[in-house]
Amino acid sequence: MKKILLVDGNSLLFRAYYASAYAGSVLKTSSGIPTNAVYSFANMLTSLISERDYFDVKVAFDKSKKTFRHDKLENYKAGRSATPEDLIPQFQIVREFLDSANISWWEKENYEADDLIGTMAKIIESNCEEYEVEILTSDKDMFQLITDKTKILLPKTGTSNLELFGKEELLIKWEVSPENVVDLKGLMGDPSDNLKGVEGVGEKTAIKLLKEFKTIEGIYEQINSIGGKLQEKLINGKESAILCKEIATINCEVEIENLNFESIKLNLSGLVSFLEKYEMISLIKRLSNRVGLINKTEESNTKKIDFKVLNEWDNSLALNDNFIYIESLEENYHKGEILGMAILNENGNFYLENLKDDAELEKFFLNKKFNKLTYDLKRTATLLRNYEIDFAYDSFTYDAMVAAYVLNPNITSRIQNLINIVQTDLFLEEDEIIYGKGAKLNKGIEFEKKAIFTIEKAQIIKETFVPIIEQLKQNNQFNLYQNIEFPLIEVLFEMEEKGILIDKLELDKQTARTLNKIEELEAKMKLILAGDIEENFNFSSPKQIKELLFDQLGLPSNKKQSTDREALEKIIYLHPIVALLLEHRKLTKLYSTYLRGFEKFIFADNKVHTIFNQTLTNTGRLSSSEPNIQNISVKDELQKEARKIFISGNQTKFYSFDYSQIELRVLAQLGQEDTLIEIFKNKRDVHTEAARKIFDLTVDSEVSSEQRRIAKVFNFGIIYGLSDFGLSNDLKISIIEAKNFIKDYYNSFPKLITYKNILIKEASENGYAATYANRRRLVPELASANFLIKNFGNRIAVNMPIQGTAADILKVAMVNIYKSFVIENMKSFMVAQIHDEIIFEIYDEETEKALNIISKNMEKAFKDLSKIIGKKPSEIVVELEVNASKGENWFELK
DNA sequence: GTTGTCACG
DNA sequence: ACGTACGTGACAACG
């Protein structure tokens with residue numbers, strides 16, 4: 001007999017909620033989305049499936065608030081206390097969980113979960129002899145569904161303690177048979193559903209009556225054989241009893257379409273990305289193991305992919321379209337090792353272990369007729385170059401990683417995620433499970449296993465290719481992918497390859513000098529604090545600093561006893577040590593992150609080769625790592641010294657081009673705010689002019705630096721989705737003053753409030769925010785009942801289109817400059833992008849030509865963007881202004 | 001692995 | 001009553 005589990009989703013989720021809400025507080029993600037009930041639900045359900053060995057699992061939910069039962073009884077369920085606020089958003093999230101794990105769930109307008117489950121149980125009983133049913137619910141009404149083949153699993157105490165009810169167990173507990181459960185309910189009523197039953201008849205009397213007369217109808221047929229008060233009560237309650245029975249009766253004749261049962265196969269990668277998304281990290285390992293157990297029974301049935309192992313490539317196997325995947329486990333591919341390669345085409349599936357010294361393979365890569373479609377092209381190309389395998393870059397025509405990012409920037413870039421971005425039946429094991437991770441990472445696994453895994457990865461790229469392209473087109477995002485993101489891969493690839501030269505002497509000099517300063521400063525601080533601290537006091541330990549300042553020295557603090565810069569600045573005049581601590585922070589940051597910390601990133605060529613992550617941010621920006629060259633100090637004079645270690649080559653100089661106020665210009669354009677557009681058109685200082693508007697000053701009047709500073713805070717605030725609280729905090733003014741300022745600001749730029757409201761409305765309706773180029777970001781926060789989270793959603797809806805459109809513009813500029821450099825056969829090259837700034841190394845003899853190409857392309861990039869995505873360039877009226885500076889090192893720039 | 005802090009746009 | 005500006009990455013300390 002195969003067992004099918006039917007789950008009452010609402011009932012289980014409620015139970016999961018209360019089992020995991022302690023003293024009213026519940027588990028939440030860092031952005032405040034409550035997840036406790038889903039966490040517990042996922043835990044309970046997977047545990048149950050893995051332990052009790054079910055063949056298939058279906059979950060049913062109540063659909064709408066109103067059901068056919070409400071038509072019969074006006075106050076049905078009216079007495080029930082309100083659903084906890086933190087639970088409401090989790091009804092949606094739990095459905096997302098089931099989808100990601102590939103567990104099917106059902107809901108139907110007008111019906112409750114009971115009816116769906118009852119119907120399914122009946123269908124199984126009458127059509128499928130080889131199945132039996134278990135129903136997981138804490139609703140005792142469901143006992144009416146018990147038969148020889150159907151049993152109820154009732155949670156007892158806690159979450160893991162369950163009791164199984166069949167006919168016999170029911171008879172022992174209630175002394176009734178399943179078909180009389182509704183009669184019992186009709187007589188007793190049920191306060192939770194606001195069912196009255198017969199007044200004065202409780203459990204004991206009801207059971208006694210049913211034992212004798214079997215059903216409610218039976219009781220009334222022989223009402224005269226019952227005497228006295230009870231008869232009176234029954235006659236008075238007749239209508240109610242019959243109605244309550246009717247309502248308690250589960251409708252087992254709901255129409256359910258496409259119901260079929262097959263061996264359950266959980267989607268591990270979908271599940272893992274779900275758990276990552278909602279920060280349920282601790283469940284990943286536990287659930288992965290269970291999924292392994294649950295899926296195991298099926299493993300032998302999964303179709304094997306046929307493939308051929310080749311010692312050397314045979315170019316006669318090559319075709320026009322070849323899906324390739326190169327396996328390499330290092331996160332930093334600049335020092336990555338190639339473990340093997342899969343090539344899939346219509347001639348078959350091929351696996352190559354050794355890529356070195358394979359002349360045929362190199363011919364394959366150099367031949368432009370042979371298209372290569374892959375996942376993470378930048379990594380692939382870098383690995384090939386590191387192995388000195390020549391290739392024609394142009395023959396790479398598709399990158400599944402970047403395409404998937406365009407469809408959903410929120411998804412972690414792992415090849416396994418391609419499966420859930422488009423629905424497929426494919427399954428791909430996690431890297432960690434194949435190779436282990438951390439200290440247990442093992443690259444030398446069995447040859448066969450590794451070959452299959454690599455082939456499977458290429459298979460995923462192949463199978464998802466057409467659906468992904470179709471979805472891009474359907475979303476109107478194909479141009480963004482094809483003409484911006486895809487060409488950008490090559491730009492970033494070359495930037496990373498070129499790297500940035502490091503002045504090692506300068507680095508060593510500064511490292512020693514800074515270490516010296518730190519030691520001196522620590523000695524000085526120890527002298528001041530003599531008697532207050534131990535000899536081995538650690539000035540870098542927030543814990544020890546906290547104790548010293550607030551407990552020992554008794555300085556005032558906030559509730560959290562924070563010791564960050566903002567907190568320390570407040571108490572700087574109360575003790576001489578505080579200023580020195582701030583100085584210490586600056587020096588140690590400089591030393592450990594930008595000086596000594598940089599050494600490990602320097603390669604044999606004396607350069608750093610950063611990784612520009614193209615598929616990480618939610619807004620479309622790039623990020624940079626190992627090392628991060630987008631956050632090198634610039635604001636503090638002392639820390640800015642670190643910029644001297646980045647030097648240009650012998651024959652080149654650095655040129656930096658940065659956009660002036662690009663986000664505000666984007667805002668002016670997209671919000672159609674003419675006053676703002678005019679300010680930029682007249683090349684005025686936007687903060688000064690905003691100050692004139694807010695403070696109602698005349699055109700040529702003097703604007704104080706204080707007024708300009710306030711206006712500047714506003715200009716930034718508007719991009720972040722300003723709040724009165726945030727502003728009052730930043731400007732150190734009262735919330736009332738902040739409110740008034742906001743009013744003045746919006747009066748000065750009235751279109752901005754309209755635009756803001758449109759953005760929020762669109763994001764709420766669509767479920768995502770979008771840039772001018774149709775880059776999307778899902779904003780589930782907007783659906784939250786919690787107003788803090790919802791406000792966060794509002795700010796995302798406003799900020800993402802602005803920050804993201806600016807990012808889109810930068811990308812267009814980079815792609816176009818790169819193309820021009822190639823066409824003009826220039827040697828000069830791009831070295832870095834820092835969100836609103838692009839840094840180049842330019843050969844002296846190319847200076848004029850290069851500067852011209854760069855500034856022209858940057859200035860027209862918004863219009864170019866418009867054209868690329870098929871909009872009208874003429875609608876872009878705001879000017880983009882670019883400032884350039886040069887230097888032989890980064891310190892000299894700007 | 002998580003937390004606190006701080007660097008950038 | 002609650003308690004925030006948007007987007008990142010790296011480091012040291014501390015469980």
Side-chain angles (χ1 to χ4, degrees), chain A residues 25 30-32 85 279 281-282 284-285 409 437-438 538-546 558-568 581-582 584-598 600-601 610-613 616-636 639-640 642-643 658-659 661-663 667 713-714 716-731 735 738 742 769 777 781 786-804 806-807 810 832-837 890:
Chain A
S25 88
S30 51
S31 60
E85 196 175 275
E279 301 170 14
I281 307 301
S282 58
I284 292 179
K285 201 172 172 192
K437 65 166 180 174
N538 186 345
F539 289 100
S540 299
S541 162
K543 196 179 156 215
Q544 293 183 34
I545 295 287
K546 218 174 263 191
N558 60 11
K559 198 166 64 190
K560 270 189 282 182
Q561 293 202 321
S562 19
T563 65
D564 60 14
R565 198 186 55 242
E566 206 187 336
L568 292 186
L581 279 174
L582 285 167
H584 185 263
R585 288 261 174 85
K586 274 186 191 169
L587 287 169
T588 49
K589 179 76 178 175
L590 174 63
Y591 177 78
S592 61
T593 303
Y594 300 109
L595 298 174
R596 203 216 55 202
F598 243 75
K600 62 175 160 301
F601 299 126
T610 187
I611 290 177
F612 285 103
N613 199 333
L616 185 138
T617 69
N618 276 316
T619 55
R621 275 189 175 185
L622 301 175
S623 90
S624 147
S625 60
E626 298 187 81
N628 181 352
I629 52 89
Q630 291 182 317
N631 74 344
I632 309 298
S633 309
V634 69
K635 289 168 186 166
D636 181 87
Q639 290 172 318
K640 192 180 167 184
R643 295 200 157 216
D658 75 298
Y659 278 113
Q661 308 295 352
I662 185 160
E663 290 188 349
L667 174 68
V713 170
F714 269 92
F716 279 108
I718 202 92
I719 294 168
Y720 298 146
L722 80 170
S723 70
D724 45 23
F725 181 89
L727 274 174
S728 76
N729 204 26
D730 198 316
L731 289 170
I735 291 190
I742 291 176
R777 171 184 180 172
E781 290 84 355
N786 179 318
F787 91 104
L788 280 178
I789 299 169
K790 196 166 179 167
N791 279 348
F792 180 54
N794 286 344
R795 294 196 293 270
I796 293 171
V798 176
N799 174 262
M800 186 272 173
I802 301 169
Q803 189 181 119
L810 261 289
Q833 188 251 46
I834 313 173
H835 310 307
D836 64 353
E837 173 189 12
W890 277 25

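Convention: sequence-line order gives letters A, B, ...; per-chain numbering from 1. In what follows, every heavy atom counts, from backbone to side chain, and hydrogens, waters and symmetry copies are set aside. These numbers were taken from a predicted model, which means no experiment stands behind them.
Nucleic acid contact for A:N538: sugar-phosphate only, since backbone atoms but no base atoms lie under 4.0 Å from a heavy atom of the residue. Using a 4.0 Å heavy-atom distance criterion, A:L622 is classed as making no nucleic acid contact. Among the heavy atoms of the strands lying under 4.0 Å from A:V634 are primed sugar atoms or P, OP1, OP2 only; no base atom is included. Residue A:R643 is out of contact with every strand shown, counting any heavy-atom pair closer than 4.0 Å. Residue A:G597 is classed as a sugar-phosphate contact, given heavy-atom separations below 4.0 Å to backbone atoms only. As judged by a 4.0 angstrom heavy-atom cut-off over every strand, A:Q639 is placed among residues touching the sugar-phosphate backbone only. Among the protein residues, A:I719 comes within range of no part of the nucleic acid, since none of its heavy atoms lies under 4.0 Å from any strand.
Secondary-structure stems of DNA chain C, taken as three or more successive Watson-Crick or G-U wobble pairs (i with j, i+1 with j-1) under a 3.5 Å distance threshold, comprise B:1-9 with C:6-14.
Side chain of A:S540, nearest nucleotide from C:dA13, C:dG7, B:dG9: C:dA13. Listed nucleotides: C:dA13, C:dG7, C:dC11. Nearest to the side chain of A:K600: C:dC11. When distances are taken from the side chain of A:R585 to each of B:dC6, B:dC8, C:dC6, the shortest belongs to B:dC6. The nucleotide whose nearest atom lies closest to any side-chain atom of A:V713 is, among C:dA5, C:dG7, B:dA7, C:dA5. If you check C:dG7, B:dC8, C:dC11 against the side chain of A:T619, the one that comes closest is C:dG7.
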Take A:L582 and A:R565 through the test side chain to side chain contact (heavy atoms under 4.5 Å, CB included) and record every step on the way to the result.
CA-CA 7 Å; A:L582 285 167; A:R565 198 186 55 242; 3.5 Å; yes
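Remark: A:R565 is not in phosphate contact with B:dG4, judged by side-chain N or O atoms under 4.0 Å from OP1 or OP2. Within the 4.0 Å cut-off from OP1 or OP2 of C:dA12, at least one side-chain nitrogen or oxygen of A:R596 is found. In this structure, A:S562 does not reach the B:dT5 phosphate: none of its side-chain N or O atoms is under 4.0 Å from OP1 or OP2. Distances shown here put every side-chain N or O of A:K586 at or beyond 4.0 Å from the OP1 or OP2 atom of B:dA7.
Using modelled atom types, one finds no donor on one side chain facing an acceptor on the other under 3.5 Å when comparing A:S728 with A:D724. In summary, the side chains of A:S624 and A:T610 do present a donor paired with an acceptor at a separation below 3.5 Å, with no hydrogens or angles considered.
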I'd like a table of atom pairs between the protein and nucleotides 2-4 of chain C - only N or O on both sides, under 3.5 Å - with the distance next to each one.
unit_1	atom_1	unit_2	atom_2	d
C:dT4	O2	A:R795	NH1	2.8

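Taken residue by residue, residues 623-632 of chain A places heavy atoms nearer than 4.0 Å to DNA chain B at A:Q630, A:N631, A:I632.
The gap from the P atom of B:dT3 to that of C:dT4 amounts to 15 Å, rounded to the nearest Å.
A donor N or O paired with an acceptor N or O is not found under 3.5 Å between the base of C:dC14 and the side-chain atoms of A:K543.
Heavy-atom nearest nucleotides on DNA chain C were determined for A:S592 and for A:Q544, and the one closer to the 5' end corresponds to A:S592.
Here A:E566 does not pair with A:K560 in a salt bridge; the nearest charged N to carboxylate O distance is not below 4.0 Å.
Rounding to whole angstrom units, CG of residue A:L587 and C1' of C:dC11 are separated by 15 Å.
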